[in-house]
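Data block below; observations after.
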Amino acid sequence: MNPGWTLGWTWAKKEVIWSMVGAQTTEQGDCSKFKGNIPHCCKKVPTVVDLLPGVPYNQQFTNCCKGGVVSAWGQDPTQSISAFQVSVGLAGTSNKTVKLPKNFTLLAPGPGYTCGPAKIVPPTNFLTPDRRRKTQALTRKNPSCCLSLSSFYNETITPCPHCACGCQNKKNCVKNDAKILSMVGVHTPKKDNEPLMQCTHHMCPIRVHWHVKNNYKDYWRVKIAVTNFNYRMNYSLWSLAIQHPNLNNVTQVFSFNYKPLVPYGSINDTGMFYGMKYFNDLLMEAGAKGNIQSEVLLQKNQDTFTFKQGWAFPHKVYFNGDECMLPPPDSYPFLPNSAPASLLTFKALIFSLLLLLALL
C-alpha cells in the first residue's frame with residue numbers, strides 16, 4: 001500500500017546504473033568521474049522506487065508505474081507484479097566478470113523484508129512465432145546500433161548517446177573525407193571482420209533515425225532513415241523491428257516492405273520493416289549510398305494518440321535482431337506546451353483594443 005515498495009541492494013564491484021525504465025533511484029550519487037554520458041546512478045547501494053502512474057511512455061516498462069502499490073495475487077493478479085529494467089555498466093560481459101549483487105532489501109509500509117542471496121537462474125528463453133524453436137538471451141559487449149530522434153514541432157534533434165556502441169574503435173576511425181577511402185580495396189571486408197568506422201560521437205555501425213514529419217486530422221506521418229557508418233560492411237536482406245503502440249494501425253508504408261509481428265495475438269504494437277527486392281534490400285557500406293529511408297502513414301486512434309511525453313517515438317528498435325541503444329528519455333524532443341510570452345502579450349493587446357472599440 002502507499003507509499004509503496006522500496007528496493008535496495010549492494011553492488012559486488014564498482015557497477016553503475018546507466019539507465020532505468022519502469023523505476024528510478026532516489027539518489028544519483030557521485031558520477032563526477034564520467035564525462036559525456038552521465039549514469040543514472042553511481043551509488044554503491046542504490047535505492048529504487050517505482051514510478052508514478054502517468055509518466056512519459058518512454059520511461060514505462062511492463063507492469064511498472066503503480067507508485068509502488070501492488071495487490072495480492074489472489075485479489076488481482078494483473079496488479080500484483082511490479083517490474084523495471086536496468087542497464088548496468090562496469091560489470092563486464094561474461095559469466096566470469098559479472099558478479100551478483102548482495103544484501104537485497106525490500107521495504108514497504110511495516111517492518112519490511114530482508115531477502116535471501118541472489119541466485120543464478122537459467123537464461124531467459126524466447127519462443128519463435130511458430131513456437132517450435134527457442135532462442136536464448138545473450139550478453140554482448142556493446143550495442144551495434146543506436147536511435148536518434150527529431151520532430152516537426154521542435155527544432156531539437158536528439159542524437160544517439162555518446163559512445164552508444166563503445167568507443168574502442170575511435171582510435172582507428174576515419175573522417176568521411178579521408179584520403180584512405182579512395183584507395184583500392186579499402187572497402188573489402190577483412191577475415192576477422194574488423195570494421196573501418198566513420199568517426200562519429202556515437203561510434204555505432206548503424207544509426208536509425210525516427211522523424212515525426214507531419215500531423216493531419218486523422219493521420220500522422222513518420223520518416224525512418226537507416227545509415228551505415230562501416231566502410232567495410234554492407235547489409236543484404238536487412239531487417240528493422242520497431243515497437244510502437246500505433247503500429248496497430250499502419251495505413252501505408254513507402255519504399256519499405258512491412259509486416260506486423262503479433263507474438264501475443266491480442267497485442268499488435270511491433271512490426272518488421274525490410275527492403276524491397278532489387279531496390280533497397282541491400283544497405284551499402286558507409287558513404288554516399290550507405291543510407292536508406294522510408295515514410296510511414298499511421299491512422300490515429302483519438303483515444304490514445306498524443307504528441308506529449310514522448311508517445312510519438314519508438315519504445316524499442318532492433319536492426320538485424322540486435323537491440324539499438326535509445327537516447328535518455330529526458331532528452332526526447334518535447335511538445336511546446338505554451339506560446340511565447342511576446343505572442344501572448346500581443347494577443348492580449350489585440351483583444352483589449354477590440355473590446356474597447358466594442359464599448360465605444
Side-chain angles (χ1 to χ4, degrees), residues 1-34 37-53 55 59-127 134-143 166 315-316 322-323 325-326 328-329:
M1 54 188 178
N2 282 322
W5 55 261
T6 301
L7 183 67
W9 62 82
T10 303
W11 290 116
K13 301 188 296 181
K14 296 181 179 180
E15 294 89 342
V16 297
I17 298 176
W18 279 117
S19 62
M20 297 184 72
V21 286
Q24 64 182 0
T25 60
T26 57
E27 296 182 50
Q28 183 183 39
D30 183 7
C31 298
S32 57
K33 68 178 182 179
F34 293 91
N37 274 7
I38 306 298
H40 175 81
C41 178
C42 299
K43 290 184 70 69
K44 177 77 172 179
V45 185
T47 300
V48 177
V49 294
D50 195 11
L51 296 178
L52 297 174
V55 297
Q59 297 179 25
Q60 295 181 20
F61 190 72
T62 307
N63 293 314
C64 84
C65 313
K66 306 181 179 79
V69 178
V70 291
S71 300
W73 178 272
Q75 180 183 12
D76 187 353
T78 63
Q79 297 297 317
S80 64
I81 299 173
S82 278
F84 57 89
Q85 181 173 282
V86 187
S87 295
V88 182
L90 306 185
T93 56
S94 71
N95 291 335
K96 293 182 179 180
T97 59
V98 174
K99 302 298 181 183
L100 298 176
K102 302 176 290 185
N103 305 328
F104 279 88
T105 57
L106 177 64
L107 302 180
Y113 303 88
T114 299
C115 306
K119 294 182 179 181
I120 297 177
V121 298
T124 302
N125 287 316
F126 304 95
L127 280 175
K134 289 182 179 179
T135 58
Q136 182 172 304
L138 302 173
T139 60
R140 60 181 299 127
K141 190 170 184 180
N142 292 299
H315 293 185
K316 288 183 182 291
D322 293 332
E323 185 171 2
M325 172 75 78
L326 272 61

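FYI, the numbering just counts along the sequence from 1.
- Here the straight-line distance linking atom NZ of Lys33 with atom SG of Cys42 works out to 7.5 Å at 0.5 Å rounding.
- Using cut-offs of 30° and 60° for the angle between ring planes, the Trp5 and Phe84 rings count as parallel.
- The minimum heavy-atom distance linking Ala118 with Phe104 is given by the pair CB-CE1, 3.9 Å.
- Expressed to the nearest 0.5 Å, how far CD1 of Ile81 lies from CG of Asp76 amounts to 10.5 Å.
- The two residues Val86 and Met20 come nearest to each other via the heavy atoms CG2-CE, 4.0 Å.
- Heavy-atom minimum distance, Ala83 versus Cys64: O-CB, 3.4 Å.
- Between the side chain of Gln28 and the main chain of Pro39, a donor-acceptor pair closer than 3.5 Å is present.
- With values rounded to the nearest 0.5 angstrom, Leu106 atom CG is found 8.0 Å from Thr6 atom OG1.
- Interatomic distance, SG of Cys31 versus NZ of Lys43, reported as 10.0 Å (0.5 Å rounding).
- Annotation: the span from Asn103 atom CG to Trp9 atom CH2 amounts to 12.5 Å, rounded to 0.5 Å.
- With hydrogens and angles disregarded, a donor-acceptor distance shorter than 3.5 Å links the side chain of Asp50 to the backbone of Cys65.
- For Phe34 against Leu90, the heavy-atom pair with the smallest separation is CZ-CD1, 3.9 Å.
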ask   = Would Asn142 and Met325 count as a side chain to side chain contact (heavy atoms under 4.5 Å, CB included) if you check the C-alpha gap in whole Å, the side-chain angles of each, and the deciding distance to 0.1 Å?
value = CA-CA 9 Å; Asn142 292 299; Met325 172 75 78; over 6 Å; no
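- The heavy-atom pair separating Val69 from Met1 by the smallest distance is CG2-C, 3.9 Å.
- Nearest heavy-atom pair across Gly22 and Phe61 is CA-CB, 3.9 Å.
- With hydrogens and angles ignored, the 3.5 Å screen pairs no side-chain donor or acceptor of Lys66 with any backbone N or O of Leu51.
- Although no hydrogens or angles enter the test, the distance criterion places a donor-acceptor pair under 3.5 Å between the side chain of Lys44 and the main chain of Trp11.
- Leu100 CG to Lys119 NZ: the interatomic distance, rounded to the nearest 0.5 Å, is 12.0 Å.
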